[in-house]
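Hydrogens, waters and symmetry mates play no part in the numbers below; they use all other heavy atoms, side chains included. Residues take their numbers from the sequence shown, with the count starting at 1.
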Amino acid sequence: MSKSLHWIIPHASGILAALLLGPLLGSMAWVEFFSIPLTTVTGPNAVRLVTEGIALGLVMAFAVSAYEQLPDNGRGSSFLRSIVLPSAVLIVIVFGAKALQSVGLPLIHQMGLSAFVQGYTILVVAGGLWLTIAWLRHMHLLRNMFLPAPLKRTTARTVEEEEPVLPEDDNETAEQATEKAAAIVLDGHPPASLGRYKILKELGRGAMGLVYLGKDPTIQRFVAIKTMRLDQIDDSDKLQEIRGRFFREAESAGRLSHPNIVTIYDAGEQHELGYIAMELVEGRSLKEWSRKPHLMPLPDLIPTLASVAEALDYAHQQGVVHRDIKPANIMITKERVVKVMDFGIAKVTSNTKTQTDVVLGTPTYMSPEQIAGKKVDGRSDVFSLGVVLFELLTGQPPFTADNLSALLFAIAHHPHPQLHTLRQELPPMFEDVLNRALQKELPQRYRRAGELAQDLRSCLQSLAA
């Protein structure tokens, strides 16, 4: 048995011993003199009631230990963890009532049979509802246990992929978390390691695929590891092209060193699984402030997006274009530091199309030249940041449609709504900045993200004046 399951042995042994001890003690002569204080139950019935009560108490203790010990890994273990307490409560209610009935406890007669049955029914129904709700709320975890593949091909994807918000605290030790990691890479379970990094647990899904919490044991540094399944690319020539692009883009993004850009530490491949190890960001994405009534106050929003624009300007000067600027890729750390995530990843994923014709990226924030399939430069990121600015100011994106084709057409050809029609209290300067950032023709748009940053800071100064 795995070391992680050793906690089961004492509980199972105690429950079994209590159940066997009752009949064994009941056959002894001395039990005729045994009684339960404050009751009229004596002899074998008293022994049986005590041992069955101990067994039911151990069942609850086992359930509490199971809840604490089972890992919350987002799969079958999490499902069992969610139902163990209501299951134990239901067991205690059913078998506790049977034990009381079997020994004829005077309390039942004092309550009256009708009141006892009503109380028993209410408790059973309540316990059953608790178990049913827990089961239904975590049914997807049970499905994950039987459908383990981490990435499934689809014919089209029009919904924006969510960027996981990384946890703010990890109370597990590295050794405990590593014991929970599975050793298989390609069946959907977290690998034990990727390169020199120990995999501690799964964090969620990113633009490339699964995201893991890892640890570099050499320098004791925690990292976020984003992975991409290379074994799902059928064409061998296409695989070599994507593999080469994957490492070139990771190398380019890894050269970026800026306080507002998430640092990439390493990239590699193991068992047809490409991975990028990067700085672990603890905080919240701007997506949390993208809808009313939870819009970010202007004194906080404008400096935040100005910092993003300055980070983009730095990256563009290094020859790196982000290609997927959106609220989910902009994080605010616990220390209130702005971090732009996933540099270079969009270019890798956009070139992993297979015969299934998967639409990757985030269409809502694409620039017209991206939609047209043209070569993009830093001005494409400026347009995307303009879309983000519009959304965070108004609580809605500037371009919406009922389907993907209509959305792409609107971005390429339709004008965006004027800001004053949605927020009349904002100074005209804000609208001027948005209009220039969202120009569809490249010569009329900001040439550099740094210019956009300067104008945003000027807007903030005018607001304070």
Main-chain N/O of [Y] paired with [X] side-chain donor or acceptor, under 3.5 Å:
| X | Y | result |
| --- | --- | --- |
| Lys440 | Ser367 | no |
| Glu269 | Gly274 | no |
| Tyr314 | Ser257 | yes |
| Ser384 | Tyr365 | yes |
| Thr421 | Gln418 | yes |
| Ser380 | Val376 | no |
| Arg323 | Val321 | yes |
| Thr227 | Leu210 | yes |

Which distance, rounded to the nearest 0.5 Å, do you find between the [atom1] of [X] and the [atom2] of [Y]?
| X | Y | atom1 | atom2 | result |
| --- | --- | --- | --- | --- |
| Asp313 | Leu452 | CG | CG | 9.5 Å |
| Glu279 | Met341 | CD | CE | 9.0 Å |
| Ser87 | Leu131 | OG | CG | 4.5 Å |
| Ile302 | Leu456 | CD1 | CG | 5.5 Å |
| Ile325 | Leu312 | CD1 | CG | 4.5 Å |
| Trp289 | Leu393 | CH2 | CG | 15.0 Å |

Which pairs pass ring-ring contact (aromatic ring centres under 6.0 Å, His included) with one or both residues in residues 413-445, sequence neighbours excluded?
Phe409-His413, Phe409-His414

Please identify which of these residues, Lys326, Arg291, Lys287, Gln396, meets the side chain to side chain donor-acceptor pair (under 3.5 Å) condition with Glu391.
Arg291

4.5 Å side-chain heavy-atom contact, [X] and [Y]:
| X | Y | value |
| --- | --- | --- |
| Cys459 | Pro427 | no |
| Gln424 | Leu426 | no |
| Val338 | Thr304 | yes |
| Tyr212 | Leu203 | no |
| Leu256 | Val320 | yes |
| Leu463 | Met429 | no |
| Leu280 | Leu213 | yes |
| Pro259 | Val337 | no |

Just to verify, what does His316 make a ring-ring contact (aromatic ring centres under 6.0 Å, His included) with, not counting sequence neighbours?
none

Do His322 and Asn329 pass the side-chain contact (heavy atoms from CB on, under 4.5 Å) test, and can you show the C-alpha distance, the side-chain angles, and the key distance before you say yes or no?
CA-CA 10 Å; His322 192 289; Asn329 276 339; 3.8 Å; yes

Give a yes or no on this: more than 12 heavy atoms of other residues, nucleotides or ligands lie within 6.0 Å of atom CG of Asp402.
no

Minimum heavy-atom distance between [X] and [Y], given as atom pair plus value:
| X | Y | result |
| --- | --- | --- |
| Tyr275 | Gly195 | OH-CA, 3.2 Å |
| Leu408 | Pro363 | CD2-CB, 4.0 Å |
| Val340 | Val308 | CG2-CG1, 4.0 Å |
| Asn260 | Ala311 | CB-CB, 3.9 Å |
| Arg447 | Glu451 | NH2-OE2, 3.1 Å |
| Pro327 | Val388 | CD-CG2, 3.8 Å |

Could you go step by step and tell me if Ile225 and Ile276 meet the side-chain contact (heavy atoms from CB on, under 4.5 Å) rule?
CA-CA 6 Å; Ile225 300 178; Ile276 295 179; over 6 Å; no

Answer yes or no: is there an ion pair linking Arg196 with Asp216, defined by an N-O contact shorter than 4.0 Å?
yes

If the threshold is 4.0 Å, N to carboxylate O, is there a salt bridge linking Arg457 and Glu310?
yes

Tell me, with the steps shown, if Leu305 and Leu286 meet side-chain contact (heavy atoms from CB on, under 4.5 Å).
CA-CA 10 Å; Leu305 293 190; Leu286 289 187; 3.9 Å; yes

Please name the residue in the list Arg445, Lys374, Glu441 that meets the side-chain contact (heavy atoms from CB on, under 4.5 Å) test with Pro368.
Arg445

Does the side-chain contact (heavy atoms from CB on, under 4.5 Å) test come out yes or no for Asp455 and Tyr446, once each step is laid out?
CA-CA 10 Å; Asp455 283 357; Tyr446 283 105; 2.6 Å; yes

